[in-house]
Number of protein chains: 2
Amino acid sequence: MNAPVLSNIKCGECPIRHRAVCSRCEGAELDILEKIKVYRSFKAGGQILWRGEAMDFVASVVSGVATLGKTLEDGRTQMVGLLLPSDFIGRPGRERVEFDVIAASDVTLCCFDRKPFENLLLVTPHLSERLVEIALDELDAARDWMLLLGRKTAREKIATFIDMLIRRSSLEEETAQNDALTLPLSREEIANYLGLTLETVSRQLSALKSQGIIQFKDRRNFEVLNPQALYDLSGDDSPN
Amino acid sequence: MNAPVLSNIKCGECPIRHRAVCSRCEGAELDILEKIKVYRSFKAGGQILWRGEAMDFVASVVSGVATLGKTLEDGRTQMVGLLLPSDFIGRPGRERVEFDVIAASDVTLCCFDRKPFENLLLVTPHLSERLVEIALDELDAARDWMLLLGRKTAREKIATFIDMLIRRSSLEEETAQNDALTLPLSREEIANYLGLTLETVSRQLSALKSQGIIQFKDRRNFEVLNPQALYDLSGDDSPN
DNA sequence: GGCCAAACTTGACCCAGATCAAGGAATCGT
DNA sequence: ACGATTCCTTGATCTGGGTCAAGTTTGGCC
């Protein structure tokens, strides 16, 4: 892991302050974090962590998108997590990385060396409480994804994925010029996330387009014309 | 949830003491747990918790097997967790249950009312540390299962499942009369766990049998004649 | 601005596993 | 002990999505 070290911005001005692992910390606690944090950047496609490698830092995603992936002996891969801004990388008490972490776009991380961070955790309930919340949210998300991977059709998988992008983006920004979205991943990466092939992803996106449910501006940018239809195609139970 | 309340056994004699959420607690801490715990039993097939229901207790599995399941609007279901003795049900800070919890066999739980348990967590690091460990282990397991559901073939899924049973049973008991195992689930339940149909599960088990890798004693009990071959079929990377 | 590589789309064909269908074997209640 | 119900096996057929194979678009780079 060798990434350029950037000049930090002040925590008070950090765009992910409200959701990241540090979101409950104020004043003195924040000052300590401020002192031990280091920003690092990765180019799109760069490997952030390798499976099995010693994990010597933990980090929050400040900007960009990273993926967590697992690989079978013959090279088939499955993405097991998608890290968007404010998401957390690393686990207290884990010496080694359990999966490959790759920058899907240019990524900036707010890194903390693991040992100091773990020590801080022990004496900072605001930090450890938030970290437990984050871990449990990830567990819920992983289980939702198990349902998707095990039982949903290709169409339902794509619809669920786009629906997730809508929800996540409405959390992030209040900009929200209605339903204009960006795919954070290539077709192949989407396929690895959904347990499909890139050809099937492409076909399903084309099908949604020709049904008038979405409309592409270019390869990555599109607009959702009919969010309700999209949700109906996701196969999920009624909650909205 | 209305299950018979059993007479408790002493924590000191509890068969799951060494792995359950209470495993780090001793002396006074254990006395408190002892006081607030209640054993409850469920018949095979009984529903322990319903998705969306208020979760008013948390629990450890003392004996038997329970499943965590999610369901799509049209009834397709995916098992998202398998709870064996010492596994934990429920999450601090979660008001509602996220999935159906069903007794796959007769099950005995060691239950704690949620509120008192959460209060205890705040003042008992031995308890909360162990709970975080358990949650992170579950997250790792969920991600391994995502790889299985998204990318493995039917054969690989079955091999992985049996391999998991071997590992788990060698953890549990030192009885371990070599490689004699019991399927904790029906064919249909295995199918729901692996993202397959019950017919495919049956066919794959028959195939393993006719390849001389496993041998059935009856429907549920079998012996693994060739654990290495089984592992080789699982598709996983080399570690062992 | 034009070439090249990478990313994507689309078509034709195929196959693993789903679905449909029929028995067989274990278990339960009487 | 006996139907009867539930669970499981096995066979026949079908199909969604994978695989293979061209093309097409896009964006990067001299």
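Please read all numbers here as calculations on a predicted model, not as lab measurements. These numbers come from the heavy atoms of this one structure, side chains and all, not from hydrogens, waters or symmetry mates.
The CZ atom of A:R187 sits 13.5 Å away from the CZ atom of A:R203 when rounded to the nearest 0.5 Å. Taken from CG in A:N226 to CD1 in A:I214, the straight-line distance is 11.5 Å, to the nearest 0.5 Å. Taken from CZ in B:F57 to SG in B:C110, the straight-line distance is 11.0 Å, to the nearest 0.5 Å.
In terms of position on DNA chain C, the residue among A:R151 and A:L198 whose nearest nucleotide sits closer to the 5' end is A:L198.
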Begin from the C-alpha positions of B:D137 and B:R19 and carry the test salt bridge (Lys or Arg N to Asp or Glu O under 4.0 Å) through to its verdict.
-> CA-CA 12 Å; B:D137 286 346; B:R19 281 177 42 85; over 6 Å; no
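Residue A:T197 comes nearest to A:A191 through the heavy atom pair C-CB, 3.4 Å, listed as atom of the first residue, atom of the second, then distance.
You won't find any donor-acceptor pair under 3.5 Å spanning the side chain of B:R219 and the base of C:dA26, going by distance alone. At a cut-off of 3.5 angstrom, the base of C:dT10 holds no donor-acceptor pair with the side chain of A:R187. In this model, no side-chain donor or acceptor of B:R155 finds a partner on the base of C:dG17 within 3.5 Å.
A donor-acceptor pair shorter than 3.5 Å can be found between the side chains of A:S41 and A:T108. Judged purely by distance below 3.5 Å, without hydrogens or angles, the side chains of B:Q228 and B:D232 pair a donor atom with an acceptor atom.
Considering only the side chain of A:S186, C:dC8 comes nearest among C:dA25, C:dC8, C:dG17. Of the candidate nucleotides C:dA26, C:dG17, C:dT9, C:dT9 has the atom lying nearest to any side-chain atom of A:S206.
Atom-to-atom, CD of A:E199 to P of C:dA7 comes out at 14 Å; the value is rounded to the nearest Å. To the nearest angstrom, P of C:dG17 lies 12 Å from CG of B:L194. Per the geometry, CG belonging to B:L183 stands 15 Å off C1' belonging to C:dA26, to the nearest Å. One interatomic measurement links the two molecules: CD of A:Q204 to P of C:dT10, which rounds to 12 Å at whole-angstrom precision. Following rounding to the nearest Å, B:K43 (NZ) and C:dC28 (C1') show an atom-to-atom distance of 14 Å. Remark: C1' of C:dA18 and CG of B:L196 are 10 Å apart, rounded to the nearest angstrom.
Within 4.0 Å of B:L205, counting heavy atoms only, lies no atom of the nucleic acid at all. Counting any heavy atom pair closer than 4.0 Å across all strands shown, A:G195 reaches sugar-phosphate atoms only and no base atom.
For DNA chain D, the outermost nucleotides in 5' to 3' order that have an atom under 4.0 Å from a heavy atom of chain B are D:dC7 to D:dA12.
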